[in-house]
Amino acid sequence: METFPKIISVDDHTVEPPHVWRDRLPARYRDVGPRIVRAPLKEMTFLGGKFAPVMGAEGDDGPIGDWWVYEDLHRPLTRLDTAVGYDRDEIKLEVITYEQMRPGSYSVPDRLDDMDVNHVQSALCFPTFPRFCGQTFTEAGDRELGLLGVRAYNDWMVEEWCGPEARGRLIPLTLIPLWDAELAAAEVRRNADRGVRAVAFSEIPPHLGLPSIHTDHWDPFLRACDETGTVIAMHIGSSSRMPSTSADAPPAVGSTITFANCCFSMVDWLMSGKFERFPNLRIMYAEGQIGWIPYILERADVVWEENRGWGGVAEKVLRPPSELFAGHVYGCFFDDAFGLGNLDAIGAGNVLYETDYPHSDSTWPKSREVGEAQMGHLAPDVVERIVRGNAIELLGLTADGLWRP
């Protein structure tokens, strides 16, 4: 392509600096809230979609890494959290320290530099320690501390990560207290008042022990999103369960079928009736890719047309699922030539681009080259729409693609 639009990535990641909760929690909680401890690794496995690290004690043998410690949780920083800059064959499941990661993972100035290298103008970032929709705080025992932890993260996200130093190039994505829909709604409104237009949510809440979207449990939260224009962003793995086939399946199995949870989740939403009840509601699937979408829409329409009478959706899903998809759902991709080859069956207005920095799947520093290779058959105005235009509209950015509170 003669020119390729500056990218607005809707799925990157931040590795939270050690001070996030230390500086923002009340003094009585600073010794029990999330904090970094440098310690050896005793053992670590990642099989059947389950990540299981064990922290050693001081003086134990084993590689040294930085660990987030919070209540009974011991979660290490790993090479998979921040793999950019390393050869693919060098990326192993291993613990690391902050000094061993690329500074752009946690430092705003360095992140902007790495975005420049990658032809990226702006980026929306998912969390690391809280996990993709704040499951860490949901699983904790102390609900008061958990709520403070969620709010502290959101304040850091808005005021520091996306603060003046970012110059509008980092777009805030906030969390909610998943255990209480009313508190979640209040947090959406609190952040919407300061210009936030994206909130993280679980692709399949029942995997977290929470009610499904087929109940009315989430209505206060959904109403807040509907009324404030806040998009619900669901990342693969935001149900704390990556798809797999067996307890001993290697990570490569899950990595190949990561889209599966997004697939299941999208059918849930299309058959839930929520888009009829909340007409301004919009959802997006980060890192879910898009090539699977056409068949799911075709099948969902057939089921709705032929089986809705006994399928439990006749009275609440009043339009074909493909029509609901067109008005409410966005698929996100970083490397999906097949999906782009079938864009007409998806809709150019329902697709967003991402780079996944700094994860092992990231196309950094060649996201532009990947985009040029896979979108070369598309008209320039369609490329513009996918690479930045849809994100500008969805996230309420300025015409030049920046976030302004």
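Along the sequence shown, residues carry numbers from 1. Quick note: numbers below take in every heavy atom, side chains included, and nothing from hydrogens, waters or symmetry partners. These numbers come from a predicted model, not from an experiment.
Rounded to the nearest 0.5 Å, atoms NZ (K366) and OG1 (T355) are 15.0 Å apart. The distance from the CD1 atom of I64 to the CG atom of L41 is 9.0 Å, given to the nearest 0.5 Å. Atom CD of E369 sits about 9.5 Å away from atom OG1 of T363, to the nearest 0.5 Å.
With contacts defined as side-chain heavy-atom distances shorter than 4.5 Å, the pair K274/H328 does not qualify. Between T136 and W68, the closest side-chain pair of non-hydrogen atoms is not below 4.5 Å. With contacts defined as side-chain heavy-atom distances shorter than 4.5 Å, the pair H377/V382 does not qualify. Counting heavy atoms from C-beta outward, F129 and P127 have side chains that stay 4.5 Å or more apart. No side-chain heavy atom of R79 sits less than 4.5 Å from a side-chain heavy atom of K92. Side-chain contact between P294 and I346 is present, with heavy atoms from C-beta onward closer than 4.5 Å. Residues W364 and V120 are not in side-chain contact: their nearest non-hydrogen atoms beyond the backbone lie 4.5 Å or more apart. No side-chain heavy atom of I36 sits under 4.5 Å from any side-chain heavy atom of V69.
For the ring-ring contact (aromatic ring centres under 6.0 Å, His included) test, no residue two or more places apart in sequence or in another chain qualifies with F278. Looking at residues two or more places apart in sequence or on another chain, you find a side-chain hydrogen bond (donor to acceptor under 3.5 Å, both in side chains) between R38 and D66, E99. A search for ring-ring contact (aromatic ring centres under 6.0 Å, His included) contacts involving F137 returns W21, Y70, not counting sequence neighbours. Residues meeting the ring-ring contact (aromatic ring centres under 6.0 Å, His included) test with H214, sequence neighbours left out: none. For R28, the side-chain hydrogen bond (donor to acceptor under 3.5 Å, both in side chains) partners two or more places apart in sequence, or in a different chain, are E144. Every residue was checked against the side-chain hydrogen bond (donor to acceptor under 3.5 Å, both in side chains) condition with H119, not counting sequence neighbours, and none meets it. For T228, the side-chain hydrogen bond (donor to acceptor under 3.5 Å, both in side chains) partners at least two apart in sequence or on another chain are T230. Under the ring-ring contact (aromatic ring centres under 6.0 Å, His included) criterion, F201 pairs with W218, F221, sequence neighbours left out.
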Donor-acceptor pairs under 3.5 Å, side chain of residues 311-326 to any protein atom, not counting sequence neighbours: which ones?
from, atom 1, to, atom 2, distance (Å)
S322, OG, D301, OD1, 3.4
S322, OG, D301, OD2, 2.6

Anything under 3.5 Å between a donor and an acceptor, one on a side chain of residues 203-210, the other on a protein residue two or more places apart or in another chain? List them.
from, atom 1, to, atom 2, distance (Å)
E203, OE1, G237, N, 3.3
E203, OE2, G237, N, 3.2
E203, OE2, S238, N, 3.1
E203, OE2, S239, N, 3.0
E203, OE2, S239, OG, 2.7
E203, OE2, N261, ND2, 3.3
H207, ND1, R241, NH1, 3.4

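Ring centroids of Y353 and F333 are separated by less than 6.0 Å, placing the two rings close together. H13 has its ring centre less than 6.0 Å from the ring centre of F132. Aromatic pair Y106/Y98: centroids less than 6.0 angstrom apart.
With hydrogens and angles ignored, the 3.5 Å screen pairs a side-chain donor or acceptor of W67 with a backbone N or O of A39. When atom types are taken as modelled, the side chain of Q374 and the backbone of D336 share a donor-acceptor pair closer than 3.5 angstrom. Between the side chain of W403 and the main chain of G195, a donor-acceptor pair closer than 3.5 Å is present. Side chain of Q100 to main chain of T97: a donor-acceptor pair is present (N/O by atom type, distance under 3.5 Å, no hydrogens or angles). Side-chain N or O atoms of N350 include one that pairs as donor or acceptor with a backbone N or O of V329 at under 3.5 Å. A donor-acceptor contact shorter than 3.5 Å links the side chain of R111 to the backbone of G104. In this structure, T128 contributes its side chain and T14 its backbone to a donor-acceptor pair below 3.5 Å. Here the side chain of R385 pairs no donor or acceptor atom with the backbone of V351 at under 3.5 angstrom. Between the side chain of S255 and the main chain of A252, no donor-acceptor pair closer than 3.5 Å is present. The closest donor-acceptor contact from the side chain of D142 to the backbone of L145 lies under 3.5 Å.
In this structure, D344 places its CG atom where only 12 or fewer heavy-atom neighbours from other residues, nucleotides or ligands lie under 6.0 Å away. With a 6.0 Å radius and a threshold of 12 heavy atoms from other residues, nucleotides or ligands, D381 has its CG atom above the threshold. More than 12 heavy-atom neighbours from other residues, nucleotides or ligands sit within 6.0 angstrom of CG on D193.
At a threshold of 4.0 Å, the pair D219-R277 counts as salt-bridged, since one of the basic side-chain nitrogens sits closer than that to a carboxylate oxygen. The pair D110-R102 does not count as a salt bridge, with every side-chain nitrogen at least 4.0 angstrom from each carboxylate oxygen.
Side-chain atoms of S105 and T82 include a donor-acceptor pair closer than 3.5 Å. For the residue pair Q121/R388, the side-chain donor-acceptor check at 3.5 Å is satisfied. Inspection of the D12 and S9 side chains reveals an N or O donor paired with an N or O acceptor under 3.5 Å. For the residue pair N280 and E227, no side-chain donor N or O sits within less than 3.5 Å of a side-chain acceptor on the partner. Using modelled atom types, one finds no donor on one side chain facing an acceptor on the other under 3.5 Å when comparing T398 with R404. With no hydrogens or angles considered, a side-chain donor-acceptor pair links D114 and Y357 at under 3.5 Å.
The heavy-atom pair separating T138 from R143 by the smallest distance is O-NH1, 2.7 Å. Minimum interatomic distance between P250 and L47 (heavy atoms only, all atoms of both residues): CA-CD2, 4.3 Å. In this structure, C262 and I236 approach most closely via the heavy-atom pair SG-CG2, 3.4 Å. For D216 against P220, the heavy-atom pair with the smallest separation is O-CD, 4.2 Å. The two residues I213 and S272 make their nearest non-hydrogen contact at CD1-CB, 3.9 Å. A pairwise comparison of heavy atoms in L175 and C133 identifies CD2-C, 3.9 Å as the closest pair.
Annotation: salt bridge (charged side-chain N to carboxylate O under 4.0 Å, His left out) contacts involving residues 229-239, sequence neighbours excluded, are absent. The salt bridge (charged side-chain N to carboxylate O under 4.0 Å, His left out) contacts involving residues 278-290 comprise R282-E393, where partners must be two or more places apart or lie in separate chains.
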Exercise for the section: Could you give me the CA-CA distance, side-chain angles and deciding distance for D155 and R194, then say whether salt bridge (Lys or Arg N to Asp or Glu O under 4.0 Å) is met? Expected result: CA-CA 10 Å; D155 290 346; R194 47 185 178 175; 2.6 Å; yes
Practice task
Go through the steps for K6 and E384 under the test salt bridge (Lys or Arg N to Asp or Glu O under 4.0 Å), then give the verdict.
Solution key: CA-CA 9 Å; K6 276 298 190 74; E384 174 80 19; over 6 Å; no
